[in-house]
Amino acid sequence: MSARPVRRSEQVALRSRTDRRWLPGALAQLDLVLVDHAHCEKKAAANALSLLQAYPEVPGLPALMARLAREESAHLARVLQLLEARGLTLGRDPGDPYAQGLQRLVRTPAPERRLDRLLVAAIIEARSCERLALLADGLEDPALRQFYDELARSEDGHQRLFLRLAERVAPGAAQPRLDALLEAEAQLLRSLPLRPAIH
Ligand SMILES: [Fe+2]
Ligand SMILES: [Fe+2]
């Protein structure tokens with residue numbers, strides 16, 4: 001008797017699409033979206049270093065997170081340039097209720113926490129990728145369209161990266177937990193008001 005192959009996905013299949021009303025609201029208040037976007041890239045860079053600090057034992061993770069931190073910092077620098085060109089300042093981070101809601105789903109025991117942190121990162125990257133692609137499609141300015149298209153592709157690579165790491169640390173457990181978290185993410189998104197922000 002042969003063992004059933006383990007189902008492994010290569011990417012995070014989000015359970016819901018962004019509400020159609022999000023894009024017009026975001027385009028109408030693009031300055032607010034850009035400021036929020038800068039905070040998102042900053043948190044993505046910081047999270048990569050935090051994962052490197054927390055889980056150096058995972059094969060490949062330190063080098064991958066070091067590269068990711070550099071990439072997210074480069075995104076941050078480019079968004080900050082856009083802010084400067086528009087005469088905008090970054091200001092303090094007011095916090096992101098979406099990301100905070102997902103963080104609350106991270107379980108406490110160490111092995112579960114490690115898996116959940118990687119899966120939550122994968123989901124945030126996947127949702128960011130969806131939203132950045134919507135902006136790329138909806139914007140009129142060709143340079144901004146190209147910028148958001150490039151970033152959407154980059155975040156798509158990141159969600160795959162986090163999913164691979166999650167499967168590496170918990171083969172067999174990653175996919176069922178991802179399914180549960182994706183269900184929770186879709187519910188969370190429905191419960192939050194639409195904002196002129198990435199999430
Ligand atoms: Fe990024
Ligand atoms: Fe990313």
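Atoms within each ligand, like the ligands themselves, are counted from 1 in listed order.
- Protein atoms of type N/O/S that fall under 2.8 Å from the Fe ion (ligand 1) number 4 in this view.
- For the side chain to side chain donor-acceptor pair (under 3.5 Å) test, no residue two or more places apart in sequence or in another chain qualifies with Q29.
- Among pairs with a residue in residues 187-198, none fulfils side-chain hydrogen bond (donor to acceptor under 3.5 Å, both in side chains), at least two apart in sequence or across chains.
- Each of H39, E41, E71 was scored for a side chain to side chain contact (heavy atoms under 4.5 Å, CB included) with L76, with one residue passing: E41.
- Each of L105, L163, L102 was checked for a side chain to side chain contact (heavy atoms under 4.5 Å, CB included) with I123, and the lone residue meeting it is L102.
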Discussion item. Please determine whether side chain to side chain donor-acceptor pair (under 3.5 Å) holds for the pair R127 and S16, giving the CA-CA distance in whole Å, both sets of side-chain angles, and the decisive distance to 0.1 Å.
Written reply: CA-CA 10 Å; R127 186 60 73 183; S16 69; 3.0 Å; yes
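- Partners of Y148 by ring-ring contact (aromatic ring centres under 6.0 Å, His included), not counting sequence neighbours, listed by chain and number: H37.
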